[in-house]
Protein chains: 2
Amino acid sequence: MATGRTHRPATRSRGIPEATVARLPLYLRALTALSERSVPTVSSEELAAAAGVNSAKLRKDFSYLGSYGTRGVGYDVEYLVYQISRELGLTQDWPVVIVGIGNLGAALANYGGFASRGFRVAALIDADPAMAGKPVAGIPVQHSDELEKIIEENGVSIGVIATPAGAAQPVCDRLVAAGVTSILNFAPTVLTVPDGVDVRKVDLSIELQILAFHEQRKAGEEAAAEAGAVPPAPEESGKGPDGDVPAVMPA
Amino acid sequence: MATGRTHRPATRSRGIPEATVARLPLYLRALTALSERSVPTVSSEELAAAAGVNSAKLRKDFSYLGSYGTRGVGYDVEYLVYQISRELGLTQDWPVVIVGIGNLGAALANYGGFASRGFRVAALIDADPAMAGKPVAGIPVQHSDELEKIIEENGVSIGVIATPAGAAQPVCDRLVAAGVTSILNFAPTVLTVPDGVDVRKVDLSIELQILAFHEQRKAGEEAAAEAGAVPPAPEESGKGPDGDVPAVMPA
DNA sequence: GTCTGTGAATCCTTTCACAGCT
DNA sequence: AGCTGTGAAAGGATTCACAGAC
């Protein structure tokens with residue numbers, strides 16, 4: 001995953017592992033659901049189940065944030081919601097812009113999960129002049145000529161790129177030049193950014209491909225159970241894709 | 001080795017680490033781009049740069065697939081495209097169904113990255129009778145009553161869920177009952193599935209939250225660099241002028 | 001007795017660095 | 001020379017298991 005440099009080697013105060021950070025939103029969602037049902041406290045076991053992880057991991061994760069639980073009782077739901085929100089920076093308002101209002105951009109603009117978590121769609125931007133002024137999710141689309149102005153006037157530091165692949169890097173460059181320091185990229189391209197800028201990538205087809213890999217292996221196991229299946233082994237001799245045999249290396 | 005601590009018994013890999021599998025689609029995309037430019041061979045250094053990883057990692061990843069490179073030369077682009085495609089299972093045709101044809105479902109239906117990688121949208125399914133028959137991305141939407149029939153007739157084993165959160169689990173259950181064994185879930189819910197079924201989750205707001213975390217930290221570092229270090233631990237107070245404040249009630 | 005918080009052990013991933021092939 | 005393939009080392013993440021608070 002493309003992550004900018006988190007320079008500052010001596011993180012004496014709070015070094016929350018990336019893996020933990022990535023799970024905090026999961027916990028937060030589960031906690032929010034409990035909160036809406038007015039559940040006062042929850043055990044690590046229950047919360048872990050609701051978030052889809054195991055309890056040891058959850059407790060370890062929370063231990064990086066501090067000691068917010070009560071032994072013999074569990075965690076106070078409201079208090080934890082607040083602590084995690086604060087840790088994630090969601091107690092403040094994050095204006096974001098979405099660039100590229102095609103199908104995906106429109107879906108993102110309409111996505112309720114943003115507004116409910118401290119994110120505010122400050123502007124929708126598209127390169128197509130015909131889109132300008134047209135409202136999407138109640139927000140008028142603006143032409144990309146305005147990009148820099150919009151970023152500066154709204155103090156936007158997070159940009160979402162939902163353009164076609166070819167437009168992504170130029171858009172990215174302009175966003176960064178205008179002051180954006182975090183980018184969520186939906187375009188199927190590797191973005192190049194300067195140090196200090198974070199990029200996260202969501203690629204719809206990559207996830208499907210990973211599923212296909214496992215799916216294929218399931219089918220292969222079934223077949224292999226009946227006969228010894230050996231796929232084609234082109235030129236190269238030696239290892240190749242065979243059964244469980246790892247790479248060989250005689251001494 | 002092969003210790004008896006199989007967290008996922010049904011998903012025993014052929015020796016290719018998950019982390020590597022997750023990167024194969026990246027390599028494949030970079031290679032496809034090279035292939036289209038008729039580049040015959042590529043070094044690990046070049047390919048790694050194009051895929052956004054470092055070369056040692058790439059070579060290690062490829063070593064799990066077999067010895068497909070030539071020392072002193074690099075990798076044959078076409079050959080590697082074929083090998084990775086085969087490894088990912090993309091040399092076969094994967095019919096998929098998309099359930100929930102809202103903004104996101106429509107975006108997915110229109111997404112070109114599927115068709116070009118062995119995935120074929122076999123059907124679009126929505127619970128709204130008003131959608132039935134309406135074409136999206138050239139494919140007529142079918143009502144969810146037809147779900148089981150569609151799955152079976154098309155031999156679908158991969159399902160994409162793009163419904164609202166509340167509908168996701170019931171839809172998932174029906175998909176699984178009908179024979180689907182891999183699910184890509186865009187709904188913000190933790191899905192419960194029987195053993196042997198793979199679920200991958202894509203959550204748009206989670207990615208943004210992770211960005212917000214890092215963004216917040218950057219802001220804190222800047223402030224700390226300019227003035228004396230002041231840890232950002234504010235009490236619940238007035239947010240922004242137009243803040244839409246998440247429900248937090250600190251004890 | 002219940003449940004959290006956490007060192008220690010285990011497992012997985014990345015990086016290093018160089019042997020060995022072309 | 002140039003570049004891959006891979007053991008070995010280093011670094012993270014996960015799980016274990018239990019001390020200690022309630």
Side-chain angles (χ1 to χ4, degrees), chain A residues 1-3 5-6 9 11 14-24 26-27 31 40-49 51-77 79-80 83 235-241 245-251, chain B residues 1-8 11-24 26-27 31 40-49 51-77 79-80 83:
Chain A
M1 58 201 75
T3 302
R5 260 290 55 72
T6 316
T11 315
R14 328 185 122 185
I16 301 182
E18 262 306 301
T20 295
V21 172
R23 280 187 296 266
L24 291 182
L26 285 179
Y27 302 142
L31 285 164
T41 62
V42 65
S43 71
S44 64
E45 203 73 52
E46 293 165 328
L47 183 53
V53 303
N54 70 52
S55 63
K57 199 186 288 185
L58 178 142
R59 288 202 303 278
K60 191 61 142 185
D61 284 342
F62 285 0
S63 79
Y64 293 116
L65 308 183
S67 293
Y68 293 148
T70 306
R71 292 170 198 234
V73 178
Y75 300 92
D76 181 280
V77 171
Y79 186 56
L80 245 196
Q83 290 297 347
E235 43 202 281
E236 207 75 18
S237 64
K239 8 269 169 124
V245 188
V248 278
M249 32 83 226
Chain B
M1 11 196 100
T3 62
R5 192 108 220 106
T6 329
H7 178 25
R8 312 220 39 193
T11 314
R12 215 169 81 75
S13 178
R14 190 204 292 157
I16 301 181
E18 263 307 301
T20 294
V21 172
R23 279 187 295 267
L24 292 182
L26 285 179
Y27 302 142
L31 285 164
T41 62
V42 66
S43 70
S44 63
E45 202 72 53
E46 294 165 327
L47 183 54
V53 304
N54 70 52
S55 63
K57 199 185 290 184
L58 177 141
R59 288 200 303 279
K60 191 61 143 184
D61 284 342
F62 285 1
S63 78
Y64 293 116
L65 308 185
S67 293
Y68 294 149
T70 307
R71 294 172 197 232
V73 178
Y75 300 92
D76 181 281
V77 171
Y79 185 55
L80 203 44
Q83 290 298 346

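Source: prediction; values computed, not measured. So that the names make sense, note that chain A is the first sequence line, chain B the second, and so on, each numbered from 1. Only heavy atoms go into these numbers, but all of them, side chains included; no hydrogens, no water, no symmetry mates.
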Nucleotide of dA19(C), dG5(C), dT13(C) approaching R71(B) most closely (side-chain heavy atoms): dA19(C)
Nucleotide nearest R59(B) (side chain, heavy atoms from C-beta), chosen from dT15(D), dT6(D), dG5(C): dT6(D)
Atom-to-atom span, OH of Y64(A) to P of dT14(D) - whole angstrom: 9 Å
Side-chain N or O of N54(B) closer than 4.0 Å to phosphate OP1/OP2 of dT14(C): no
Residue whose nearest DNA chain C nucleotide is more 5′ - D61(A) or V73(A): V73(A)
L80(B) CG to dG5(D) C1', straight-line distance once rounded to whole Å: 14 Å
Sugar-phosphate, base or nothing in reach of Y75(A), heavy atoms under 4.0 Å: sugar-phosphate
Side-chain N,O (S44(B)) to OP1/OP2 (dT4(D)) below 4.0 Å: yes
Between P of dT4(D) and CZ of F62(B), the distance in whole Å: 10 Å
N or O in side chain of R23(A) less than 4.0 angstrom from dT14(D) OP1/OP2: yes
Value in whole Å for how far the C1' atom of dT4(D) lies from OH of Y68(B): 15 Å
From CA spacing to verdict: ring-ring contact (aromatic ring centres under 6.0 Å, His included), Y68(B), Y79(B): CA-CA 8 Å; Y68(B) 294 149; Y79(B) 185 55; 5.6 Å; yes
